[in-house]
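Please read these numbers as outputs of a predicted model, since none were measured by experiment.
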Amino acid sequence: MRLVLLLWTALLLTPFAAHAKGPSAKELVKQAERLYDQKKYVEAAEALEKANEQAPDSRLVYNIARAYDQAGRAREAISYYEQYMTDGEDAQLRKRARSAVERLRLQQQKEEAAAAAAEAERKRMQEEAEAAQRRMEAEREAARQAEAANQLRLEEAHRDALAERKRTQITSFALGGLAVAGVGMGVVFGVQAANARANFNNAQDLDTKVAARTATRSNALLADIGYGVGIVSAVAAVLLYPRQPAPVAGQARLISAPRGSGAGVEVSF
């Protein structure tokens, strides 16, 4: 919509006060008309404001309001429309100005409501994001604490496993020593039983033979016991001795949960 050209025509016919510097009011009005036709509404309004400063006229005020209205500058447009509603002489233009103010205020209300809704949505999303961030941090902290607790349990389990392995080794060595002692005992008493048998064979009287027979049986029994203890101890030592290498310490480490939400603890050995 063009500016109120009829008003401009009348305005152009009105003598303006001359100024020493800068374009005259008439030139500013013509410049504003060109700018308005080029859809440079803000520049047109500024040119009209300068013209109104040189030669105040309510018709210029109305056209300034129209230019700002077209530029989407509602606050400035309302201000000039209201000024014309107060000072303007044309009843039809005052009616248009009133309608424009109502339209612009309704538009402002809608824009403010939309901006408030957008701000509320932005705050809601920000609060949700902050809550999610807090939950993730809490989960990661819980996972770190679980990791530390698991690591302590792993270290304790590793120490217990090493201690148990050491006890088993000591028991196995002790049984090995007992096996050697049992075999040694078997050998010693076996030799004594053989000597007692030889004495039995060489004895000339009954008492000597009875004593040699008793010694043979006793030494043979002790030799059998020694050999038995040695064999059983040796087998037990072999069975108890750990065949697996010494256990290595396990390690717990923090890992991310699926989709990057939260965290978990992974234990490796």
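- Looking at residues two or more places apart in sequence or on another chain, you find a side chain to side chain contact (heavy atoms under 4.5 Å, CB included) between Lys50 and Leu28.
- Residues Tyr81 and Arg98 fail the side-chain proximity criterion, which asks for heavy atoms closer than 4.5 Å.
- Applying the salt bridge (charged side-chain N to carboxylate O under 4.0 Å, His left out) test to residues at least two apart or on different chains, the pairs with a partner in residues 166-175 are Glu164-Arg167.
- Residue pairs meeting the side chain to side chain donor-acceptor pair (under 3.5 Å) criterion with at least one member in residues 108-121, sequence neighbours excluded, are Gln107-Glu111, Glu119-Arg122, Glu121-Arg124.
- Rounding to the nearest 0.5 Å places CZ of Arg135 at 12.0 Å from CD of Glu130.
- Here Thr171 pairs with Leu175, Leu240 under the side chain to side chain contact (heavy atoms under 4.5 Å, CB included) rule; sequence neighbours left out.
- By the rule that hydrophobic residues join a cluster once side-chain heavy atoms approach within less than 4.5 Å of another member, Ile64 and Leu35 end up as members of separate clusters.
- Proximity of a side-chain donor or acceptor of Gln54 to a complementary backbone N or O of Pro23 within less than 3.5 Å is detected.
- A donor-acceptor pair is defined here as one N or O able to donate and one able to accept, closer than 3.5 Å; no such pair exists between the side chain of Arg94 and the backbone of Tyr84.
- Residues Val191 and Leu221 do not share a hydrophobic cluster, defined by chaining ILVMFWY side chains whose heavy atoms lie under 4.5 Å apart.
- Looking at Asp90 and Tyr62, their side chains never bring a donor and an acceptor atom within 3.5 Å of each other.
- Both Val101 and Tyr80 sit in one connected hydrophobic cluster of ILVMFWY residues. Membership requires side-chain heavy atoms under 4.5 Å apart, directly or through other members.
- Between Tyr41 and Tyr68, the gap from one ring centroid to the other reaches at least 6.0 Å.
- With sequence neighbours left out, the side chain to side chain contact (heavy atoms under 4.5 Å, CB included) criterion links Glu141 to Arg144, Gln145.
- A side chain to side chain donor-acceptor pair (under 3.5 Å) check over residues 177-202, counting only residues at least two apart or in different chains, returns nothing.
- The distance from the CE atom of Met85 to the OG atom of Ser58 is 14.0 Å, given to the nearest 0.5 Å.
- When atom types are taken as modelled, the side chain of Asn52 and the backbone of Asp57 share a donor-acceptor pair closer than 3.5 angstrom.
- Counting heavy atoms from C-beta outward, Arg140 and Glu137 have side chains that stay 4.5 Å or more apart.
- Leu162 is not listed as a side-chain neighbour of Arg159, based on a closest heavy-atom distance of 4.5 Å or more.
- Note that the CG atom of Leu48 and the CG atom of Asn63 stand 6.0 Å from one another [nearest 0.5 Å].
- Within a 6.0 Å radius of CD in Glu89, no more than 12 heavy atoms belonging to other residues, nucleotides or ligands are found.
- A 4.5 Å side-chain heavy-atom check between Leu222 and Val188 finds every atom pair outside the cut-off.
- Ionic pairing of Glu43 and Lys40 is not present here: no N-O contact between side-chain nitrogen and carboxylate oxygen is shorter than 4.0 angstrom.
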Test side chain to side chain contact (heavy atoms under 4.5 Å, CB included) applied to Lys30 and Glu27, step by step: CA-CA 5 Å; Lys30 290 180 179 180; Glu27 292 171 342; 5.7 Å; no
